[in-house]
Participant: 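Can you read through this structure? Questions will come right after.
First the proteins, then the strands, lettered A, B, ... as listed; each starts at 1. Quick caveat, the model's predicted, so the values are computed rather than measured.
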Amino acid sequence: MKIATWNINGVKARIDTVVTWLANATPDVVCLQEIKSLDEGFPGSAFEDLGYTVATHGQKGFNGVAILSKLPIDDVRRRLPGDDGDEQARYIEADVVSGDSVVTVASIYLPNGNPIGTEKFAYKLAWMQRLEAHARDRLSHEMPLVMAGDYNVIPEPADARNPDAWREDALFQPESRSAWRALTALGFTDATRACDPAGQVYTFWDYQAGAWNKNHGIRIDHMLLSPQAADRLISSGIDRDTRGWEKPSDHVPVWIELSA
DNA sequence: ATGCCTTGTCGCACAAGA
């Protein structure tokens, strides 16, 4: 069972790119972020034609997350609990039926939080607290759980080509990294690091200043696995080449393979 | 020190991203 996550930076601008990647990568489940589309404007038929069931949680212009699945989806839950006043579409989770087991898959678009010292950074940290509380609740079920997406957190200096360039950035603040550690310490496995402990692997390169050509990347797209999912982890990878395609997203896909 | 690009919403720029 192959599960992937990709921040596509606009589903309408990226539809051909995503369809091409899907046809080659053939994931069973895909978490998308930054669809930048209302649910009713989401081009679901392009994915249904490839055999995917589509679940979206969108909003106008910004944010928006989705889950595509070739396997049956039992239940879909939208919005991160903990703040009924939060109107930003950044969380969707679904129970995916795989043979005799059910795997809960969450598609996460964690707030960027820049610039630091503003309400945006406070929103990011509050959102991370809500995510930790929700993750703690989900983990208590002791079921396979994969929380995948754009976390907008650089966990360690090794996760940036030039860590010093990110010292003042919300993605690399001590508070952001501390919240990440508190989340993972609940018992999650960082799939990319579990499979490639020392790798210089990045998932994002800015459109600006030739970041891709200079490999000035950061690792901010992550797949966190509950113990019951980690027990089934076979392999993990990053489809780095998509960043060099025509009309690329600034993020690239991250994926895992779980045993049946 | 700042912008560097890209997208979407409209509108003849701007916000937001990271």
Side-chain angles (χ1 to χ4, degrees), chain A residues 5-19 21 31-43 46 56-66 86-91 107-128 131 148-177 179-180 192 201-222 238 240 242-254:
Chain A
T5 180
W6 195 5
N7 179 324
I8 56 173
N9 187 19
V11 68
K12 295 180 189 72
R14 211 72 59 215
I15 187 69
D16 292 341
T17 307
V18 176
V19 164
W21 170 75
C31 299
L32 300 176
Q33 299 88 38
E34 278 208 270
I35 62 174
K36 296 186 175 181
S37 167
L38 290 164
D39 292 337
E40 52 266 39
F42 190 85
T56 62
H57 180 39
Q59 72 178 84
K60 190 174 184 176
F62 304 108
N63 306 324
V65 287
D86 183 1
E87 294 301 324
Q88 300 193 33
R90 297 179 174 276
Y91 190 91
S107 181
I108 291 168
Y109 179 44
L110 206 146
N112 172 302
N114 278 306
I116 58 174
T118 68
E119 72 287 346
K120 291 190 175 188
F121 190 59
Y123 174 66
K124 178 191 189 115
L125 295 180
W127 207 93
M128 293 187 81
L131 183 62
D150 176 1
Y151 280 77
N152 270 317
V153 174
I154 303 166
E156 301 291 338
D159 296 309
R161 181 65 153 53
N162 296 109
D164 284 341
W166 299 91
R167 292 288 172 199
E168 302 303 317
D169 196 283
L171 281 59
F172 198 48
Q173 287 308 292
E175 295 94 331
S176 308
R177 296 174 58 199
W180 163 265
T192 301
V201 288
Y202 311 123
T203 66
F204 170 90
W205 295 260
D206 201 293
Y207 288 122
Q208 304 182 70
W212 168 242
N213 288 329
K214 290 187 269 190
N215 194 29
H216 285 179
I218 50 177
R219 191 175 75 94
I220 56 174
D221 299 88
H222 308 297
I238 292 173
R240 191 180 189 280
T242 58
R243 187 60 181 80
W245 290 5
E246 290 292 315
K247 274 183 74 71
S249 170
D250 39 7
H251 297 251
V252 299
V254 180

Participant: Quick one: label A/K124 by what it contacts on the DNA or RNA (base, sugar-phosphate, nothing), any heavy atom closer than 4.0 Å.
Facilitator: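 Nothing, no nucleic acid heavy atom in range.
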Participant: If we ignore angles and hydrogens, is there a donor and acceptor under 3.5 Å between the side chains of A/N9 and A/S249?
Facilitator: no
Participant: Starting at the 5' end of DNA chain B and moving along, which residue's nearest nucleotide shows up first, A/R90 or A/P248?
Facilitator: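 Checking each residue's closest nucleotide, the 5'-ward one belongs to A/P248.
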Participant: Report yes or no: does A/R177 contribute a side-chain atom to a donor-acceptor pair with the main-chain N or O of A/F172 at less than 3.5 Å?
Facilitator: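 Looks like no, no N/O pair under 3.5 Å.
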Participant: In whole angstrom, what separates A/H222's NE2 from B/dA18's P?
Facilitator: 12 Å
Participant: Could you tell me the separation between the CG atom of A/N7 and the C1' atom of B/dG17, rounded to a whole number of Å?
Facilitator: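 So the CG-C1' distance, A/N7 to B/dG17, works out to 9 Å.
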Participant: Looking for any heavy atom pair under 4.0 Å, which part of the strands does A/D169 touch: base, sugar-phosphate only, or nothing?
Facilitator: nothing
Participant: Under 4.0 angstrom, heavy atoms only, what part of the nucleic acid is A/D221 near: base, sugar-phosphate, or nothing?
Facilitator: nothing
Participant: Are A/H251 and A/W205 close enough that their ring centers fall under 6.0 Å?
Facilitator: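 Between A/W205 and A/H251, which both carry aromatic rings, the centre distance is not below 6.0 Å.
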Participant: Just to be sure I understand the rule, does A/A209 reach a base, reach only the sugar-phosphate, or reach nothing, if contact means heavy atoms closer than 4.0 Å?
Facilitator: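 Base contact.
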Participant: Give the rounded distance in Å between these two atoms: OH of A/Y109 and C1' of B/dG17.
Facilitator: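 Taking OH of A/Y109 and C1' of B/dG17, I get 6 Å after rounding.
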Participant: Side-chain donor-acceptor pair under 3.5 Å between A/Y123 and A/D86, yes or no?
Facilitator: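 Yes, A/D86 and A/Y123 have a side-chain donor paired with an acceptor closer than 3.5 Å.
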Participant: Please tell me whether A/W21 and A/W245 form a close aromatic pair, meaning their ring centres lie under 6.0 Å apart.
Facilitator: no
Participant: OP1 or OP2 of B/dG17 less than 4.0 angstrom from a side-chain nitrogen or oxygen of A/H251, does that happen here?
Facilitator: no
Participant: Looking only at side-chain atoms of A/K36, point me to the closest of B/dG17, B/dA18, B/dT7.
Facilitator: B/dT7
Participant: Would you measure the distance from the P atom in B/dA18 across to the matching atom in B/dA1 and give it in whole Å?
Facilitator: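 To the nearest whole Å, 24 Å.
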Participant: Starting from P on B/dG17, measure out to CG on A/D250 and report it in whole angstrom.
Facilitator: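 For the pair A/D250 CG and B/dG17 P, the rounded distance is 12 Å.
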Participant: What is the distance, rounded to the nearest whole Å, between atom CD of A/Q33 and atom P of B/dG8?
Facilitator: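 Interatomic distance, CD of A/Q33 to P of B/dG8: 16 Å.
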Participant: Can you check the distance between B/dC4 and B/dA16, where both ends of the measurement are the C1' atom (answer in whole Å)?
Facilitator: 16 Å
Participant: Does A/R14 or A/N152 map to a spot on DNA chain B nearer the 5' end, using the closest nucleotide for each?
Facilitator: A/R14
Participant: What is the distance, rounded to the nearest whole Å, between atom CG of A/D206 and atom P of B/dG17?
Facilitator: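 So the CG-P distance, A/D206 to B/dG17, works out to 13 Å.
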Participant: Given B/dA18, B/dT7, B/dT6, identify the nucleotide with an atom nearest to the side chain of A/A13.
Facilitator: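 Output: B/dT7.
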Participant: Nearest to the side chain of A/K247, heavy atoms from C-beta on, is which of B/dT7, B/dC4, B/dG8?
Facilitator: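 Selected nucleotide: B/dT7.
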Participant: If the C1' atom of B/dG11 is compared with that of B/dA15, how far apart are they to the nearest Å?
Facilitator: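 Here B/dG11 and B/dA15 have their C1' atoms 14 Å from each other.
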Participant: If I pick the P atom on B/dG3 and the same atom on B/dC14, what distance separates them, to the nearest angstrom?
Facilitator: 13 Å
Participant: From the set B/dA16, B/dG17, B/dA18, return the single nucleotide nearest to any side-chain atom of A/W166.
Facilitator: B/dA18
Participant: Nearest to the side chain of A/D150 - B/dC4, B/dT7, B/dA18?
Facilitator: B/dA18
Participant: In whole angstrom, what separates A/R167's CZ from B/dA18's C1'?
Facilitator: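 Those two atoms, CZ and C1', are 17 Å apart.
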Participant: Measure from the side chain of A/K60, starting at C-beta and using heavy atoms only, and say which of B/dA18, B/dC10, B/dG17 lies closest.
Facilitator: B/dC10
Participant: If we check side-chain hydrogen bond (donor to acceptor under 3.5 Å, both in side chains) with A/N7, which of these qualifies: A/D150, A/D250, A/T203, A/D221?
Facilitator: A/D150
Participant: Whole angstroms only, please: what is the CG-P distance between A/L171 and B/dG17?
Facilitator: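 Spelled out: CG on A/L171 to P on B/dG17 is 11 Å.
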Participant: Among B/dA18, B/dT6, B/dT7, find the nucleotide with the atom closest to the side chain of A/N112.
Facilitator: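 Minimum distance to the A/N112 side chain belongs to B/dA18.
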Participant: How would you label the contact of A/N63 with the nucleic acid (heavy atoms, under 4.0 Å): base, sugar-phosphate, or nothing?
Facilitator: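 No contact.
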Participant: Select one nucleotide: of B/dA16, B/dC4, B/dT6, the one nearest the side-chain heavy atoms of A/F62.
Facilitator: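 For the A/F62 side chain, the nearest candidate turns out to be B/dA16.
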Participant: Applying side chain to side chain donor-acceptor pair (under 3.5 Å), run through A/N215 and A/R240 and close with a yes or a no.
Facilitator: CA-CA 11 Å; A/N215 194 29; A/R240 191 180 189 280; 2.9 Å; yes
Participant: If the C1' atom of B/dC12 is compared with that of B/dG8, how far apart are they to the nearest Å?
Facilitator: 16 Å
Participant: Tell me what A/H216 touches on the nucleic acid: a base, only sugar-phosphate, or nothing, going by heavy atoms under 4.0 Å.
Facilitator: nothing
